[in-house]
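First up is the structure itself, then whatever we jot down about it.
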Amino acid sequence: MGAVLRLHYNGGMKKLAIIGGGAAGLAAAVSAARGAAGGVDVSVYEADERVGRSILATGNGRCNFSNARVDAGVYRNAEFVAAAFDALAGNAAESGDPVHAFFADLGLVWREEGEGRLYPLANKASSVLNVLRSAAADFGAVEACDRRAVRLDVPERPGGRFHIRFADGAVEHADAVVLATGGRTARELLPAGIAVSGTRPVLGPLRTATDVVKHLNNIRVRGAVSLAGPGGQVKAREVGEVLFRDYGVSGIAVFNLSRFAEAGDLLLVDLLPQVPEDGCAGFLHARRKRFAADGRPLSREAFLRGMLLPAVARAVLHEAGLAPEAPLANRDVAPLAEALKAFPLSVEGIGDERQCQVRRGGADVAAFDPRTLEARAVPGLHVVGEALDVDAPCGGYNLHWAWASGILAGCAATARFRG
Ligand SMILES: Cc1cc2nc3c(=O)[nH]c(=O)nc-3n(C[C@H](O)[C@H](O)[C@H](O)COP(=O)(O)OP(=O)(O)OC[C@H]3O[C@@H](n4cnc5c(N)ncnc54)[C@H](O)[C@@H]3O)c2cc1C
């Protein structure tokens, strides 16, 4: 490490306070402390008794920490995210993804799984947390746990200091702040004047009307699922596994659709995704002909045997208004095709908040410079991660944003001290 440049405030060292020691906060701590090379007091204040607990819970304990093909277009507020990614790439010394380079510098080794999902080679979220914590400590950042910030007062004059009040009544002062509290509590700390929308949990299972799904509990089907608004307009579409639960539906496809779902929407499950919609009736007629060739009696239930699980077949027949045991007639094909291609489930809301991976909403991105994540109206205040109104589908994109925004803000905060 080169000679330490100490940056002073009234005789003391400049201080950067990072509120929240989760994914974005720890990335900010590493990048700030590395950039300051010992010249700035970088402190991470974490409400929990340890930092990084949120990271340990990700990817079922394996931490899908990024994606090999990150595209800003998948994020909410995509233009803002693209500008932040561009700024990060502009700051980087080498080509390639700057977040991946950041982790490679910390010593993390990873491997790619389906759809570009990146997991640490050790297959444990703890290895991601460990490289972050040890780098932060080596570069001189300090962890302060059991410190829940309850109030943030911004400087009253240019060059003044921030005052952070904690739940135990203590107050700390800082020259710059990175707010990295995640989506739940950022609202309580953000200064008036920065618009903050209410947050709601998304990226989780959906609760639907239960009359159908209660008979399908724990059944998985591979299909395509569309989310349609009350006017019938398709809001989003996903292909993948749908897991029926007694309260609704789960699975990655449903998690992704939950970002856009509202009570009153319809989920339309395509149970025959390999058959095009306009070819479905033809497919069923051909199947009927094949059965007829053997001269066996053919009930509606028997017609679906071998194509759908019995419980799913019964639900489809119920939806089509057809009694299962009656013989299959030519006129049954049209309602059956409709029920198979767009099996409807009425959305009532989020199924289980505890399973939701992110909160939608947060600080309005318009109030921030995407190159530094600094509040335009409050110099020295940076907001990162889920505290901003940014979220993305499953696949490592949410953590990627947490790291990227943390790295940007950490760099910018210390660069600012240097003028
Ligand atoms: C079960 C689960 C699995 C997930 N899996 C994945 C995955 O595999 N891949 C992926 O990309 N994303 C995943 N996510 C989403 C990802 O974890 C978040 O997007 C990411 O952690 C957000 O980072 P953050 O730093 O903004 O918030 P967090 O990581 O939540 O960190 C916020 C920190 O701030 C602390 N804090 C809050 N309020 C205060 C306060 N007032 N004072 C001091 N400290 C405070 C919290 O205790 C916490 O440590 C998952 C989420 C969940 C819940």
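The residues of the chain are indexed from 1 along the displayed sequence. We count ligands from 1, going down the list as the structure has it; atoms in each ligand are counted the same way.
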Ligand 1 contact on [X] by region, counting heavy-atom pairs under 4.0 Å:
X    : result
T185 : side chain
Y397 : backbone
V358 : side chain

Identity and distance of the protein heavy atom lying nearest [atom]:
atom                    : answer
atom 44 (N) of ligand 1 : A47 N, 3.0 Å
atom 39 (C) of ligand 1 : T181 CG2, 3.7 Å
atom 52 (C) of ligand 1 : Q357 CA, 3.7 Å
atom 17 (O) of ligand 1 : T58 CG2, 3.3 Å
atom 34 (O) of ligand 1 : G20 CA, 3.3 Å
atom 5 (N) of ligand 1  : G59 N, 3.1 Å
atom 12 (N) of ligand 1 : L399 CG, 3.5 Å
atom 1 (C) of ligand 1  : A57 O, 3.8 Å

Over 12 non-hydrogen atoms of neighbours within 6.0 angstrom of CD in E156: no

Candidate list V178, L373, I194, test side-chain contact (heavy atoms from CB on, under 4.5 Å), partner L381, passing option: I194

Test applied, side-chain contact (heavy atoms from CB on, under 4.5 Å); reference residue, L227; option that passes from L266, L268, D265: D265

Within a distance under 4.0 Å of any heavy atom of [X], pick out the atoms of ligand 1 and give their elements.
X    : value
S54  : 28 (P), 29 (O), 30 (O), 31 (O)
A402 : 23 (O)
A180 : 32 (C), 33 (C), 34 (O)
G385 : 26 (O)
A149 : 40 (C), 41 (N), 42 (N), 43 (C)
Y45  : 43 (C), 44 (N)
I19  : 42 (N), 43 (C)
R147 : 42 (N), 43 (C)

Please confirm whether [X] comes within less than 3.5 Å of ligand 1 when only nitrogen or oxygen atoms on both sides are compared.
X    : value
A23  : yes
E386 : yes
G52  : no

Can you see whether [Y] has [X] sitting over its ring - NZ or CZ less than 6.0 Å from the centre and within 45° of the normal?
X    : Y    : result
R147 : F166 : yes
R220 : F244 : no
R207 : Y247 : no

Would you say [X] touches ligand 1, if touching means a heavy atom closer than 4.0 Å?
X    : answer
C356 : yes
E46  : yes
R184 : no

Test item: E46 side-chain N/O and G21 main-chain N/O as donor-acceptor pair under 3.5 Å: yes

R62 backbone acceptor or donor facing N60 side chain under 3.5 Å: no

CG-OG distance between N398 and S66, expressed to the nearest 0.5 angstrom: 11.0 Å

Pairwise distance CZ(R69) to CZ(R117) - rounded to 0.5 angstrom: 11.0 Å

Audit row: R53, D48, salt bridge (charged side-chain N to carboxylate O under 4.0 Å, His left out) steps and yes/no: CA-CA 8 Å; R53 202 187 287 276; D48 197 1; 2.5 Å; yes

V249 side chain near L216 side chain, heavy-atom distance below 4.5 Å: no

4.5 Å side-chain heavy-atom contact, E338 and E319: no

Minimum non-hydrogen distance to atom 24 (P) of ligand 1, winning option of A24, A186, A167: A24

Option set D146, N64, L189, criterion heavy-atom distance to atom 9 (N) of ligand 1, minimum: N64

Test applied, side-chain hydrogen bond (donor to acceptor under 3.5 Å, both in side chains); reference residue, D389; option that passes from R359, R360, R76: R76

S258 and N256: side chain donor to acceptor below 3.5 Å: no

Minimum heavy-atom distance T185-T181, with the two atoms named: OG1-CB, 3.4 Å

